[in-house]
Chemist: 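So that we are looking at the same thing, I have put the structure below in structure tokens.
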Amino acid sequence: ANAISAGYGIFAESSGFMGCGNVSNRRISYDSRIAMGAGWGYTDAVATLGGGTFTNSTTTNAFAFTPTSIGDSLRVIYRITSGGGLFTVDVDGIGTSPNIDCNGADAIGSYVFPGNGSVYNIKRVSGGAVDIIGVYHYKSENTQFVLVNAGLSGTLTSEVATTGTWSPLAVAAVIAPSLSVVSLGTNDWSFAVGVPAFKTNLDTIYNALIAVSDVVFVSPVPANPADP
């Protein structure tokens, strides 16, 4: 995509992620841009876009993200809840942000750190847990496709179509992408989800996403290649 679009002065970059994956396929196992200092881990206690959250409730060590994309800003999507902690963002250990507060009524937080460098560090400062839903890196002044991966192995349409403060569709509404590309259905096929339920779930997903972005649905591949 980048090779094609670059000819028009528009760059497509794999710029970030949402969610920590799930127990069978943790994002950190395959995304080399992420490095977790001691104290950081992941939790599935809150199901959100792309799985659970990256969390730290004990140390001030860094959750580091080294982007491979062109950019000068990092957007951090995080969980706000009663008893949440404080965190900061810096790039290459300099230009530290003000304290960002995760304590409050249940909500999704969004913070943009304006800084250019090699490694962005998210550091818990104090208080309770800091839960990071996802990050993405972008260039604020250039025309650019920013690609944010929110894929999750084994996902059913019913899991995306849920409601709740930190649900996948609630996070998507905060991100407000220009275009949402949805590829679901293989796991529904595998678990024999009925057509009426599948259609209802897709309608729910579509109606939520079309309120904030254009939407493209990718036709699913069969769970069993032998199926017609």
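Numbering of residues begins at 1 and proceeds along the displayed sequence.
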Chemist: Quick check, are the ring centers of Y78 and F87 under 6.0 angstrom apart?
Modeler: yes

Chemist: Quick check: closest heavy atoms across C20 and R26, and the distance to 0.1 Å?
Modeler: SG-NH1, 3.4 Å

Chemist: Counting only N and O atoms by type, is there a donor-acceptor contact under 3.5 Å from the side chain of Y120 to the main-chain atoms of P67?
Modeler: no

Chemist: Which heavy-atom pair separates W166 from T48 by the least distance, and what is that distance?
Modeler: O-OG1, 2.7 Å

Chemist: Find out whether I28 and Y42 are in side-chain contact, i.e. whether some heavy atom of one side chain is under 4.5 Å from a heavy atom of the other.
Modeler: yes

Chemist: Would you find a donor on one side and an acceptor on the other, under 3.5 Å apart, between the side chain of T200 and the backbone of P196?
Modeler: yes

Chemist: Working to the nearest 0.5 angstrom, can you tell me the gap between S167 OG and I108 CD1?
Modeler: 6.5 Å

Chemist: For S97 and Y111, which heavy atoms make the closest approach, and how far apart are they?
Modeler: CB-OH, 3.2 Å

Chemist: Just by distance, do the side chain of N103 and the backbone of G83 share a donor-acceptor pair under 3.5 Å?
Modeler: yes

Chemist: Are the side chains of R124 and T59 in contact, using a 4.5 Å heavy-atom criterion?
Modeler: no

Chemist: Would you say the side-chain atoms of N201 and S158 include a donor-acceptor pair closer than 3.5 Å?
Modeler: no

Chemist: Please determine whether residues V174 and V212 belong to a single hydrophobic cluster, defined as Ile, Leu, Val, Met, Phe, Trp and Tyr linked transitively by side-chain heavy-atom distances below 4.5 Å.
Modeler: no

Chemist: Any chance the side chains of S180 and S213 put a donor and an acceptor closer than 3.5 Å?
Modeler: yes

Chemist: Test of understanding: clusters of I, L, V, M, F, W, Y form through side-chain heavy atoms closer than 4.5 Å, transitively. Do L156 and L152 belong to the same one?
Modeler: no

Chemist: Describe, in one word, how the ring planes of F54 and F17 are oriented to each other, choosing from parallel (under 30°), tilted (30 to 60°) and perpendicular (over 60°).
Modeler: perpendicular

Chemist: May I ask whether V119 and F113 are part of the same hydrophobic cluster, defined by side-chain heavy atoms of I, L, V, M, F, W, Y residues being less than 4.5 angstrom apart, directly or through others?
Modeler: no

Chemist: Run the side-chain contact (heavy atoms from CB on, under 4.5 Å) test on I77 and L49 for me, step by step, so that the C-alpha distance in whole Å, both residues' side-chain angles and the decisive distance to 0.1 Å come before the verdict.
Modeler: CA-CA 11 Å; I77 307 297; L49 186 63; over 6 Å; no

Chemist: Where do D131 and T53 come nearest, in terms of heavy atoms and distance?
Modeler: OD1-OG1, 3.2 Å

Chemist: Side-chain contact test, heavy atoms from C-beta onward, threshold under 4.5 Å: evaluate it for R27 versus N149 and give yes or no.
Modeler: yes

Chemist: To the nearest 0.5 Å, how far apart are CG in N56 and CG in N61?
Modeler: 7.5 Å

Chemist: With a 4.5 Å heavy-atom cut-off, do Y136 and I175 have their side chains touching?
Modeler: yes

Chemist: Is D72 reaching over with its side chain to a backbone N or O of S140, donor-acceptor style, under 3.5 angstrom?
Modeler: yes

Chemist: Measuring from atom OG1 of T88 to atom CD1 of I100, what distance do you get when rounded to the nearest 0.5 angstrom?
Modeler: 7.0 Å

Chemist: Please answer whether the main-chain N or O of T155 pairs with a side-chain N or O of N187 as donor and acceptor at a distance below 3.5 Å.
Modeler: yes

Chemist: For Y206, is the OH atom crowded, meaning more than 12 foreign heavy atoms sit under 6.0 Å from it?
Modeler: no

Chemist: Mind listing the closest non-hydrogen atom pair of P168 and E159 along with its distance?
Modeler: CG-O, 3.9 Å

Chemist: Nearest heavy-atom pair of T81 and D106: which atoms, and what distance?
Modeler: OG1-OD1, 2.7 Å

Chemist: Find out whether R75 and S110 are in side-chain contact, i.e. whether some heavy atom of one side chain is under 4.5 Å from a heavy atom of the other.
Modeler: yes

Chemist: Quick check for you: to the nearest 0.5 Å, what is the distance between Y138 atom OH and L147 atom CG?
Modeler: 15.5 Å

Chemist: Less than 6.0 angstrom separating the ring centers of F65 and H137, yes or no?
Modeler: no

Chemist: Quick one: CG on N116 to CG on D92, what's the gap to the nearest 0.5 Å?
Modeler: 9.0 Å

Chemist: Got a second to check how far I94's CD1 is from N121's CG, nearest 0.5 Å?
Modeler: 11.0 Å

